[in-house]
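Everything on this sheet refers to the single structure shown next.
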Protein chains: 2
Amino acid sequence: MMMFRPIFASLFGATLFVATVLPAIAQETLPSWSDGAAKTRILDFVKATTTEGGEGFVAPQDRIAVFDNDGTLWPEQPYYVQLGFILDRVKTLAPQHPEWKTKEPFKSILAGDLKGIARGGEKGIVDLVMSTHAGMTSDQFAKIVTDWFATAKHPKTGKPFDEMGYLPMRELLDYLRDNGFKTYIVSGGGVEFMRPITEKAYGIPPEQVVGSTILTEYAIVGDVPVLRRLPKIDFVDDGPGKPSGINKFIGRKPIFVAGNSDGDAEMLRWVTAAKGPGFAMIVHHTDAEREYAYDRESAFGKLDRALNEAERRNWLVVDMKADWKTIYASEH
Amino acid sequence: MMMFRPIFASLFGATLFVATVLPAIAQETLPSWSDGAAKTRILDFVKATTTEGGEGFVAPQDRIAVFDNDGTLWPEQPYYVQLGFILDRVKTLAPQHPEWKTKEPFKSILAGDLKGIARGGEKGIVDLVMSTHAGMTSDQFAKIVTDWFATAKHPKTGKPFDEMGYLPMRELLDYLRDNGFKTYIVSGGGVEFMRPITEKAYGIPPEQVVGSTILTEYAIVGDVPVLRRLPKIDFVDDGPGKPSGINKFIGRKPIFVAGNSDGDAEMLRWVTAAKGPGFAMIVHHTDAEREYAYDRESAFGKLDRALNEAERRNWLVVDMKADWKTIYASEH
């Protein structure tokens, strides 16, 4: 019998472990968030808005939560993910455009001179977007983007982009959804660039992505109806455009909003100025070692006036270094 | 004991009735639809797309169903509901606009001459929309619309508009939702005109309404951020605009689409041309007695080339008079 004792003991121990420790782990909320004021404020808000009969209760259909994407759900350094896509597209398309060898900003990109892009100014950026995002059908563009995400890697971490979502934010999305919130992305990025990846990266379906759009035109090619992407900006979902975008696409005012840069300031202010409950948070990039540290001077995701506003309006400023135990799921 | 016998019998009978007849009634699908080819085609399509392992199976997240509004879910005769709103708004605002007494198309409206509006042409209509739909904030406009719907009545039936939805279409919406479909409105009407009424009338929440939009501008009034409605059309969600609107707002191709006029033709064709299952139906207004009878010559909801297309492309044409037992819920 003696040989069975340890087996029995370990089986018993395992049972005890399963019965006591595991459920406690499973039930921990926002496990990648450090215990502290940031986590507590989030938990308190969700508790208040979901407690029936409570003063701050919000009916499930009105629990709309909106999240900026670049810098809020995944990194925007060393440059926006969509800019990485553009750079790769320019290289791919270059053989069909011999004129790019001498024309900015294409010339700089092909020479690997990223600073040269900035010299082209805003017109240069628009030229880049139009020459890489227009001229094909919506279906063709979705395939180009999907194919790109299948192989593209973040320049610093070397991870594919569907693994670049911040784990604490993914936990927050799940937590809000578990509490009856409907989660949306509201980003300055192109809506048709984001939609092929958001379900996999964040559990957010295409119809819950609000972003910048270019004009499309219905056309019959052969006998097949298609939507052609025209080289013309339709809507810029950034800054003051974000409240307009939310109003246009969603048609309800969110009660929870997360951003990280000045381009989110109007959205945060619009949400928190509304009557009734409204929670606004800013992800502050303070972790040069595990991610990046930047704010008031950054070329991408500049956080300056929104940081001033945050203090004045009591928005939660999340200190990435102190408040997040883990940055990426793959660290586990 | 004899006196208890009938009671017992009737109790027993009631139990029997509850156990056998009621469940059968409760389970009848699309009860306001006549048994026939139209109903059968709808049932067959839903069965095929929801039968796991079947050839035509569609995953729940891809079960998107889109519905035109005017003439498809509620009447568009004797004129569009939104035009009724405009006429009332012009009368309400007239005291602030003495110049309207001599300026078309306002003059005609104030004189009760509806035909005069037509003489103003498209520019007249745009002037009407701009002078009644712009110049206020989005919140103010939502309140104006909500207040109007609270008292407005259909000119022929005298019913409030949340009772003007066609019962067979409401049943169809419920049936699709019960089968995992997500239902959307895709209408040429103004999105902010429809959103305050669609939940009550059709069980469709604001974020599932796609429509025409006017530009909005973020502004600070006092210390309060608002969205100002500008007198400028942003997007016309009609005809070839409907596929673009679906692509922009929803970002998935629907598999079920319902319309009733030439303005829906491109949307129906775009959906049914896609690979995989696609169901298109047209509501044909054939019932002059219970509703209206019109098609190729109608000023509102002209159905001409879409009717030709329907035959060629095997779209279901619903004959309102023959296929619908009941038009409105209040007939019961």
Side-chain angles (χ1 to χ4, degrees), chain A residues 61-62 64 137-139 141-142 182 184 191-192 194-196 198-199 205-211 213-230 234-235 239-253 265-275, chain B residues 61-62 64 137-139 141-142 182 184 191-192 194-196 198-199 205-211 213-230 234-235 239-253 265-275:
Chain A
Q61 67 270 20
D62 292 319
I64 304 287
T137 70
S138 280
D139 287 344
F141 186 69
K182 199 164 174 178
Y184 284 83
V191 72
E192 294 188 76
M194 294 182 282
R195 280 175 171 155
T198 55
E199 176 81 57
E207 64 268 30
Q208 285 162 228
V209 180
V210 177
T213 54
I214 67 172
L215 281 182
T216 63
E217 171 190 61
Y218 178 86
I220 304 288
V221 177
D223 193 41
V224 181
V226 297
L227 291 176
R228 243 191 232 130
R229 293 170 59 81
L230 304 180
D234 173 42
F235 174 63
K242 288 198 174 193
S244 287
I246 292 169
N247 184 62
K248 174 155 73 171
F249 282 76
I250 309 176
R252 296 191 204 258
K253 210 169 278 181
E266 287 82 2
M267 172 168 73
L268 269 67
R269 186 161 172 200
W270 184 63
V271 167
T272 50
K275 278 180 206 153
Chain B
Q61 69 270 20
D62 291 320
I64 304 287
T137 70
S138 281
D139 287 345
F141 185 69
K182 200 165 176 179
Y184 284 84
V191 71
E192 293 186 77
M194 295 182 282
R195 281 175 171 155
T198 56
E199 176 81 56
E207 64 267 31
Q208 284 161 231
V209 180
V210 178
T213 53
I214 67 173
L215 282 182
T216 62
E217 173 190 59
Y218 177 85
I220 304 290
V221 177
D223 192 43
V224 181
V226 297
L227 290 176
R228 242 190 232 131
R229 292 170 60 81
L230 303 179
D234 173 44
F235 173 63
K242 288 198 173 192
S244 287
I246 292 170
N247 184 62
K248 175 156 71 172
F249 283 74
I250 309 178
R252 295 191 202 258
K253 211 170 277 183
E266 287 83 1
M267 171 170 72
L268 268 68
R269 188 163 170 199
W270 184 64
V271 167
T272 51
K275 278 180 204 151

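So you know, we letter chains A, B, ... as the sequences are listed, proteins then strands, and number each from 1.
For A/Ser244, the parts sitting under 4.5 Å from any heavy atom of chain B are the backbone and the side chain alike. With a 4.5 angstrom heavy-atom cutoff, A/Lys182 touches chain B only via side-chain atoms. With a 4.5 angstrom heavy-atom cutoff, B/Tyr184 touches chain A only via side-chain atoms. At a 4.5 Å heavy-atom cutoff, the contact between A/Thr216 and chain B is made by backbone and side-chain atoms alike. Looking at B/Lys242, neither its backbone nor its side chain comes within 4.5 Å of chain A, counting heavy atoms on both sides.
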Could you pull out all donor-acceptor pairs under 3.5 Å where a side-chain atom in residues 218-229 of chain B meets a protein atom, sequence neighbours excluded?
residue	atom	partner	partner atom	Å
B/Asp223	OD1	A/Arg269	NH2	2.6
B/Arg228	NH1	B/Glu217	OE1	3.3
B/Arg229	NE	B/His133	O	2.7
B/Arg229	NH1	B/Glu192	OE2	2.6
B/Arg229	NH2	B/His133	O	3.1

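Two residues are said to be in side-chain contact when any heavy atoms from C-beta on lie closer than 4.5 Å; A/Phe249 and A/Thr213 meet this criterion. Contact annotation: the side chain of A/Asp139 approaches that of B/Lys253 to within less than 4.5 Å [non-hydrogen atoms, C-beta and beyond].
Minimum interatomic distance between B/Arg195 and A/Lys248 (heavy atoms only, all atoms of both residues): NH2-O, 2.9 Å. For the pair A/Ser138 and B/Asn247, the tightest heavy-atom approach, listed with the atom from each and the gap, is OG-ND2, 3.3 Å.
Put simply, of B/Ala142, B/Gly251, B/Gly241, the one with the most heavy-atom pairs under 4.5 Å next to chain A is B/Gly251.
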